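Structure first, commentary second.
Just the heavy atoms: all of them, side chains too, but no hydrogens, waters or symmetry mates, feed the values below. Since the model is a prediction, treat every value here as computed from it, not as a measurement.
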Amino acid sequence: MAELTTIELDNYSVDRRPSIKEADRVKLWVRSGGRCAYCNKYLLDLVYGVNVGEMAHIVGWTKKANSPRGEADTPLNERNLVENLILLCAEHHKIADSKEAIEVFTVDRLALLKKNHEARIFRLTNLKDDSESVVIRLLGNIRGGTVELSQQRAMVDLLDCDNKFAHFLDSFDKQGVEIDLTTLPEPEDNWDNYWSMGMLIIDNAFRVIIEGVKKGKIRHLSIFAFSRIPLLVYLGYKLDDKIPTLLLQKHRGNTESWVWPEDGGDIEFEAIQTQNSSSSNVILVLNISGTIDLSTIPDSEGQNIYVLRPKNVLPTRDTVRKRKSLENFTKTYHDFLSQIEVDHKSCSEIRLFLAAPLTVAIVCGRGIMRNVHPSLAIWDYNGETYAPALTINSRETN
C-alpha cells in the first residue's frame, strides 16, 4: 500500500499512519492462532524464529482512493481495532489488497473469512486431551465408482460431527489413506481373488492400528469407508469392539459431507423370521436401504430365513440417515445374534445378504464375537446372481 502523508480522522489530521495498539495486536494473533486466515500457514518461521505474518485491514485505514475498501462506512477511529483486522501471510495480504483482486476480497468476504478462521481456531484449541481420533479411510470402487475424501474434508467433518481432532497415520502419499482398495480390479473379473486380496490389504493396514492400540497410542478411531459391502463387513470384524469407534457415512446428493445430519426421524428396526426349518443354519437378509427378493437367494429352500428391516417404513437409501438410527440398528442386530444362540444352538454359520448402507455393513462385522457367534458368510451380487464372497469368524481363522 502506498505511503500517505496526511490522514483525515473524525476531528483531526495526522501526518503518519496511526499504530495498532498492543492489546489489539495480541488479540488478533491469539484469535488467529498464529496462522494465516486464508491459507492456514503457520506465521512463525521455526528455523530463524522470524514473524512472517502481517496484520491486514478489512476496511482500509484511511478513506483515500488508494486505500483498499477504504470507502466503507466504518468510522476511521475504529479501523485499527481488532474487529477490523485479519491476520494473513505476506502473499495473501498482498493479493487481498491488490487492485486485481479487490472485487473478490470484499469487506463482507474478508469479515466472513476472519470469523470462520477464528471460530475454527477456538474450537481446535478448546479440545480436551482425549479429543484426538485416529482417522481410518478405506476407499474402494463400487461398480466402477468411488469417492474423493481429502484429508481436509475428513478433518472438518470429524470436528463438526463429534468435536474430535483428526490424527492421520502416515502413508505413502502422506494423506493418510490407510486402506486403499481402488487399485483392485472389479470383483466380477476374478471373484475369489478380489475378496482375498481385499482382505489382505486390510490385514496389512491393521498391523499398525493393532500395535497402536496395544501400546495405548490409539484410544479412539473414526472410520470413513466406501467400498464393496463384504469388505466393509470384514473391516468391522477387524475393528471389533475393544476401542471406541465413530462411523461416519457418506451422504447422497450434492453435498460432500460425511457428517450425520440432525433432521429426519429416528428409525427403529425388527428381525422377522419368514421361513422356519429344522436346519441348524440360518440365512439373514438385511432389507435396510432396499429390498432383496427372497426368491433370488440361492439354496434357500429348507433353511431358516430371517429378515431384518425398518419398522413401519419402507426401506430406502435414506433409512439410516441419522446416527440414532444406526444405533437402533446395532441394538436390533445384537439382539438377533443373541436370539440365534437360544433358538438355534447348533448353528455354525449365518449366511448374510445385504441391501444396506455402508455403515450398517461395518456394524455387522463389528458385532460378531470371536469364538462365540457362528461364522458369518457374506454373499454379494456378481451381476447375475448372489455368490459367496468371504467368511468371517470361521474356525479355521480363529
Quick one: does [X]'s side chain have a donor or acceptor within less than 3.5 Å of a partner on [Y]'s backbone?
X: Gln303; Y: Ser277; result: no
X: Thr332; Y: Asn328; result: yes
X: Asp266; Y: Lys324; result: no
X: His373; Y: Met369; result: yes
X: Gln275; Y: Ser300; result: yes
X: Thr291; Y: Asn287; result: no
X: Tyr194; Y: Glu186; result: no
X: Ser325; Y: Val320; result: no
X: Asn281; Y: Ser348; result: yes
X: Arg69; Y: Val59; result: no

Find out if a path of hydrophobic residues (ILVMFWY) with successive side-chain heavy-atom gaps under 4.5 Å connects [X] to [Y].
X: Val282; Y: Ile292; value: no
X: Ile283; Y: Leu354; value: no
X: Val360; Y: Ile368; value: yes
X: Phe122; Y: Ile86; value: no
X: Ile20; Y: Val52; value: yes

Do [X] and [Y] get their side chains close enough for a donor-acceptor pair, meaning under 3.5 Å?
X: Asp180; Y: Thr182; answer: yes
X: Gln249; Y: Thr359; answer: yes
X: Ser295; Y: Asp293; answer: yes
X: Ser32; Y: His117; answer: yes
X: Ser375; Y: Ser394; answer: no
X: Tyr237; Y: Asn393; answer: yes

Quick one, [X] and [Y] - any side-chain contact, counting heavy atoms below 4.5 Å?
X: Leu158; Y: Trp258; result: no
X: Leu44; Y: Tyr42; result: yes
X: Leu85; Y: Leu87; result: no
X: Tyr306; Y: Thr274; result: no
X: Phe329; Y: Leu308; result: yes
X: Leu76; Y: Lys63; result: yes
X: Val134; Y: Ser222; result: no
X: Phe269; Y: Ile288; result: yes

Salt bridge or not between [X] and [Y]? Use side-chain N to carboxylate O under 4.0 Å.
X: Arg228; Y: Glu188; value: yes
X: Asp162; Y: Arg323; value: yes
X: Asp160; Y: Arg123; value: yes
X: Lys164; Y: Glu132; value: no
X: Arg207; Y: Asp203; value: no
X: Lys331; Y: Glu327; value: no

Fit a plane to each ring of Phe353 and Trp379, take the angle between them on a 0 to 90° scale, and name the class: parallel (under 30°), tilted (30 to 60°) or perpendicular (over 60°). tilted

Under 30°, 30 to 60°, or over 60°: which ring-plane class applies to His57 and Trp61, parallel, tilted or perpendicular? tilted

Does Asn141 form a side-chain contact (heavy atoms from CB on, under 4.5 Å) with Leu184? I'd like the steps, not just the answer. CA-CA 8 Å; Asn141 300 314; Leu184 291 177; over 6 Å; no

Drop me the distance from [X]'s [atom1] to [Y]'s [atom2], to the nearest 0.5 angstrom.
X: Lys322; Y: Leu326; atom1: NZ; atom2: CG; answer: 13.0 Å
X: Ile392; Y: Arg366; atom1: CD1; atom2: CZ; answer: 13.0 Å
X: Leu231; Y: Leu358; atom1: CG; atom2: CG; answer: 11.5 Å
X: Thr125; Y: Arg31; atom1: OG1; atom2: CZ; answer: 12.5 Å
X: Thr391; Y: Leu376; atom1: OG1; atom2: CG; answer: 8.0 Å
X: Asp157; Y: Lys250; atom1: CG; atom2: NZ; answer: 9.5 Å

Which heavy atom of [X] sits nearest a heavy atom of [Y], and at what distance?
X: Asp24; Y: Val82; answer: OD1-N, 3.0 Å
X: Cys89; Y: Lys41; answer: CB-CD, 4.2 Å
X: Val135; Y: Ala166; answer: CG2-CB, 3.6 Å
X: Ala361; Y: Ile229; answer: CB-CD1, 3.8 Å
X: Asn304; Y: Ser279; answer: ND2-O, 2.8 Å
X: Ile58; Y: Ala111; answer: CD1-CA, 4.1 Å

Between Ile179 and Leu139, is a side-chain contact (heavy atoms from CB on, under 4.5 Å) present by the stated rule, with each step listed? CA-CA 7 Å; Ile179 308 175; Leu139 299 179; over 6 Å; no

With a distance cut-off below 6.0 Å to the six-membered ring centre and an angular limit of 45° from the axis, does Arg351 pair with Tyr386 as a cation-pi contact? no

Pi-cation contact, Trp260 with Arg321 (under 6.0 Å, within 45°): no

Please indicate whether [X] has more than 12 foreign heavy atoms, meaning atoms of other residues, nucleotides or ligands, lying under 6.0 Å from its [atom1].
X: Tyr38; atom1: OH; value: no
X: Asn312; atom1: CG; value: no
X: Leu314; atom1: CG; value: no

Begin from the C-alpha positions of Leu337 and Ile350 and carry the test side-chain contact (heavy atoms from CB on, under 4.5 Å) through to its verdict. CA-CA 10 Å; Leu337 292 175; Ile350 299 173; 4.0 Å; yes

Determine, stepwise, if the pair Ile136 / Phe224 fulfils side-chain contact (heavy atoms from CB on, under 4.5 Å). CA-CA 6 Å; Ile136 305 300; Phe224 297 79; over 6 Å; no

Step by step, work out the salt bridge (Lys or Arg N to Asp or Glu O under 4.0 Å) result for Arg309 and Glu270. CA-CA 6 Å; Arg309 64 193 185 190; Glu270 60 185 357; 3.1 Å; yes

